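Remarks on the structure that follows.
Lettering of chains follows the sequences in order, A, B, ..., and the numbering in each one begins at 1. This structure is a prediction, so every number in the text was calculated from the model and none was measured.
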Amino acid sequence: MTAMCDVAFLLLTFFMLTTKFKPDEAIKVEIPASVAETKLPDKDILMLQVDKEGRVFYGIDNQGVRQTLFNKIKERHPEIAFQPQNERAFMLMDAFGVPLEELPNLLNDPKNYPQKGLSLDTTKNELGELLLFGRQSNPAVRIAIKADGNADYDKVKEVMNILQKRNINKFNLITSTRQKPKP
Amino acid sequence: MAEMNNPAPSSSKQGHSKQKPRSSKRSTRVDLTAMVDLGFLLITFFMLTASLNKPQSMELNMPEKDSETVNTISVDNAISIVLAQNNEVYYYIGIDNPQVEKTNMAGIREVILKRQQDVQQRTGKADLLTVLIKAQSKAKYQNLVEMLDEMAITNTKRYALVDYNTTDSLLITQKIAAK
C-alpha cells in the first residue's frame, strides 16, 4: 500500500510539474484537422490567428519578448500616446487584434474593448512591421498561422503574402490531428 | 483495498488486553485509501490534459517571392485544382482549351491518384506529377488545409499554391454555364 501510494504521488508530482495549462485565448478559432505529425514547439512562437470573421490577431509568447516588442513599437511610433501602465497590460496580453493607433485604448481596457482585427492595409503595412519587430525581439521565433477552418481563404492569403513580402517563406499551419486514411 | 489496511479495531483490542491505557499499542498506520484514490484521480486528470492539448502543425515552404529563378513545369505532368466555395473542387489538365471537371473534396483523391498513375505510365516516375492548387478567395481555409493534406496522403511531392487568375475564372464560369 505504502509503495503504491509513493508511486502514485511521484507520478502526480511529475505530471503536475510537466503540465502547462492552456492559456486563456482571446479569440475562438476552430482549427481544421490534418494528418500532419509535426509537433509545434512549446516556445518561441509568433502566432498569427485568423478567426471565422477574418479578423487577424497577432501574438507572441514570453512576457520578456513582449516587453521588448512593446518598447520597439513605442520607439517607432512616438505619435501613439501610450500610458505608463500600458506596458504591463501588453506584457500580459496573449494576442491582440487592433490597428496600432487603437492599441492604447485596448490596453486601457483589455477585457471589453472590441477588437476588429489588425489592419492589413498595404500602405501602412502594420503587420509587416510587427513581424519585423517580433523577429527583432526574439530572433529564434517561428511563425505559425492558426486560422479557423471557416475563414475565407483570401484573408489567409493576404497574411501569407505579407509574410512572403517580409521574406518569411517557411511557416507552420496549426491544425488538429486526424487519422491518416489507408491508401 | 479497504480491508488491506484496517487494523484499527484489532489493535485497540490488543491495547485493552494489555491493561495499559496510557501507552496503548495502537498501530501507527493510517488509512491511506482515500488519499491514494485522490492521488490516482489527479494523475488521470493531469495525464489526460497533458497529452491532449498539443497542437499539431503543418509546415509550409513557400517559394521566394521575388527570386529570379522561375520554376517551370511540364504541362504534361501537371494538374490544376481549383478550390471554390461550398466545398466544390474543379480540376483540369493542360492549358489550351482544357476539359474542366467538377468534383468535391472527397472525390479529389481519386483524381490525383489516377493522374499520378498516368504520369507514372508515361514517364516512369510518379513523383513528377505537379499539382497546382488554386483557391478562390471565397474558398474556406479548411479546404486549403484538406487539399494540402491530400498531398501528404497521396504522397505528392510537388505542389504549389498558385494565384487564382482570370484564365481560371473564365474556365470555371464556362463550365458552370455549360451545365
A:Gln63 atom CD, over 12 foreign heavy atoms within 6.0 Å: yes

Test applied, side-chain contact (heavy atoms from CB on, under 4.5 Å); reference residue, A:Leu12; option that passes from B:Thr44, B:Leu41, B:Leu42, B:Leu38: B:Leu42

d(B:Met62 CE, A:Ile168 CD1) to nearest 0.5 Å is 12.0 Å

Looking at A:Lys72, I want to see if its NZ is surrounded by more than 12 non-hydrogen atoms of other residues, nucleotides or ligands under 6.0 Å. yes

Given that the side chain runs from C-beta out, which part of B:Leu148 has a heavy atom under 4.5 Å from chain A: side chain, backbone, both or neither? side chain

Could you tell me which of B:Leu144, B:Leu113, B:Leu161 has the largest number of non-hydrogen atom pairs under 4.5 Å with chain A? B:Leu144

Chain B interface, residue from A:Ile31, A:Leu173, A:Leu163, A:Thr2 that has the most non-hydrogen pairs under 4.5 Å: A:Leu173

B:Leu129, B:Tyr92: one ILVMFWY side-chain cluster at the under-4.5 Å cut-off? no

When rounded to the nearest 0.5 angstrom, what is the spacing between CG in B:Leu60 and CG in A:Asn172? 9.0 Å

If you look at every heavy atom in B:Ser57 and A:Ala36, which pair is closest and at what distance? O-CB, 3.5 Å

Whatever's closer than 4.5 Å to a heavy atom in chain B on A:Ala33 counts as backbone

Is there a chain of hydrophobic side chains (I, L, V, M, F, W, Y, each step under 4.5 Å between heavy atoms) that links A:Phe133 to A:Leu48? yes

Run A:Phe171 and B:Glu59 through side-chain contact (heavy atoms from CB on, under 4.5 Å) and show every step you take. CA-CA 6 Å; A:Phe171 40 82; B:Glu59 213 162 86; over 6 Å; no

Spatial distance of atom OG1 (A:Thr175) from atom CG (B:Asp149) [nearest 0.5 Å]: 7.5 Å

Sort by residue number and list every residue of residues 131-138 of chain B having at least one heavy atom under 4.5 Å from chain A. B:Ala135, B:Gln136, B:Ser137, B:Lys138

Would you say A:Leu127 and A:Ile80 are hydrophobically clustered, going by side-chain heavy atoms of ILVMFWY under 4.5 Å? yes

Got a sec, which residues hit ring-ring contact (aromatic ring centres under 6.0 Å, His included) with A:Tyr58, two or more places apart in sequence or on another chain? A:Phe96

In terms of heavy-atom contacts, A:Asn150 and B:Lys140 come closest through O-CD, 3.2 Å

Counting only heavy atoms not in A:Glu79, do more than 12 sit closer than 6.0 Å to its CD atom? yes

Same cluster for A:Leu92 and A:Phe57 if Ile/Leu/Val/Met/Phe/Trp/Tyr side chains link at under 4.5 Å? no

Rounded to the nearest 0.5 angstrom, the OG-CD distance for A:Ser34 and B:Gln142 is 11.0 Å

Which heavy atom of B:Tyr141 sits nearest to which heavy atom of A:Ile145, and what is that distance? OH-O, 4.3 Å

Return the minimal non-hydrogen interatomic distance between B:Ile43 and A:Ala8, and the atom names on each side. CD1-O, 3.0 Å

For A:Val35, is it the side chain, the backbone, both or neither that has a heavy atom under 4.5 Å from a heavy atom of chain B? both

Around A:Glu30, counting heavy atoms of other residues, nucleotides and ligands shown, do more than 12 lie under 6.0 Å from its CD? no

So, the part of A:Arg166 with a heavy atom under 4.5 Å from chain B: the answer is neither

Determine, stepwise, if the pair A:Met4 / B:Phe40 fulfils side-chain contact (heavy atoms from CB on, under 4.5 Å). CA-CA 10 Å; A:Met4 185 167 82; B:Phe40 274 105; 4.1 Å; yes

Can you establish whether the number of heavy atoms outside A:Arg88 located under 6.0 Å from its atom CZ is more than 12? no

Let me check something: do B:Met151 and B:Tyr91 share a hydrophobic cluster, defined by ILVMFWY side-chain heavy atoms less than 4.5 Å apart, either directly or through other members? yes

Before accepting this row, confirm whether a basic side-chain N of the pair B:Asp163/A:Lys157 lies closer than 4.0 Å to the acidic partner's carboxylate O. yes

